[in-house]
Amino acid sequence: MSASDPPRPDRRHIYIAPTATLRPMVPDVPPLARALDRAAPLAGLLQRLQASQACLAAVKRCLPPALAAHVKAGPLDEEGWTLLAANAAVSAKLRQLQPRLAMALADSGLKVTAIRVKVQSQSG
């Protein structure tokens, strides 16, 4: 180092404080299932969702695996149950199989007044 060079700070004596670990402030939120059980409208929604899934499980047992992979459970209401098809071809096949699907539901003890088949939109 020559006399004209500016002095360099001595890095051995610089202390850098560790950064504080900040935890996000999140309210104590109960698990979804417990929250659904506490509110009557939400509890009814959970029951319908579980019933729709039970219908799907009963129906998938009588579908070929390649077809079952493209079928989802839709809403269950007083008017019936909706099966969601991935595309028009799957929808057409499900419509052909509706009598068999209704029998599968009845054999499982599930009371469904009607089976609706709809093509699921690509955005949903």
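Both backbone and side-chain heavy atoms feed into the values below; hydrogens, waters and symmetry mates do not.
- Heavy-atom minimum distance, K60 versus A68: CE-O, 3.2 Å.
- Residue L63 is grouped with residue L110 when hydrophobic side chains (ILVMFWY) are merged at heavy-atom distances under 4.5 angstrom, including chains of intermediate members.
- Heavy-atom minimum distance, L94 versus A85: CD1-CB, 4.0 Å.
- A 4.5 Å side-chain heavy-atom check between M103 and C62 finds every atom pair outside the cut-off.
- Expressed to the nearest 0.5 Å, how far CD of Q96 lies from NZ of K93 amounts to 4.5 Å.
- Other residues, nucleotides and ligands place more than 12 heavy atoms under 6.0 Å from the CD atom of Q98.
- Heavy-atom minimum distance, W81 versus V59: CZ3-CG2, 3.6 Å.
- Distance check, rounded to the nearest 0.5 Å: NZ of K111 to CG of L105 gives 13.0 Å.
- Annotation: side chain to side chain donor-acceptor pair (under 3.5 Å) contacts of D77 (sequence neighbours excluded): R116.
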Trace of the side chain to side chain donor-acceptor pair (under 3.5 Å) decision for R95 with S91: CA-CA 6 Å; R95 288 186 209 296; S91 174; 3.2 Å; yes
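- Under the 4.5 Å side-chain contact rule for hydrophobic residues, L84 and V117 do not share a cluster.
- For L76 against S52, the heavy-atom pair with the smallest separation is CD2-N, 4.0 Å.
- At a threshold of 4.5 Å between side-chain heavy atoms, the hydrophobic network of Ile, Leu, Val, Met, Phe, Trp and Tyr places L67 and I115 in one connected group.
- In the hydrophobic cluster analysis, where Ile, Leu, Val, Met, Phe, Trp and Tyr join through side-chain heavy atoms closer than 4.5 angstrom, L101 is grouped together with L56.
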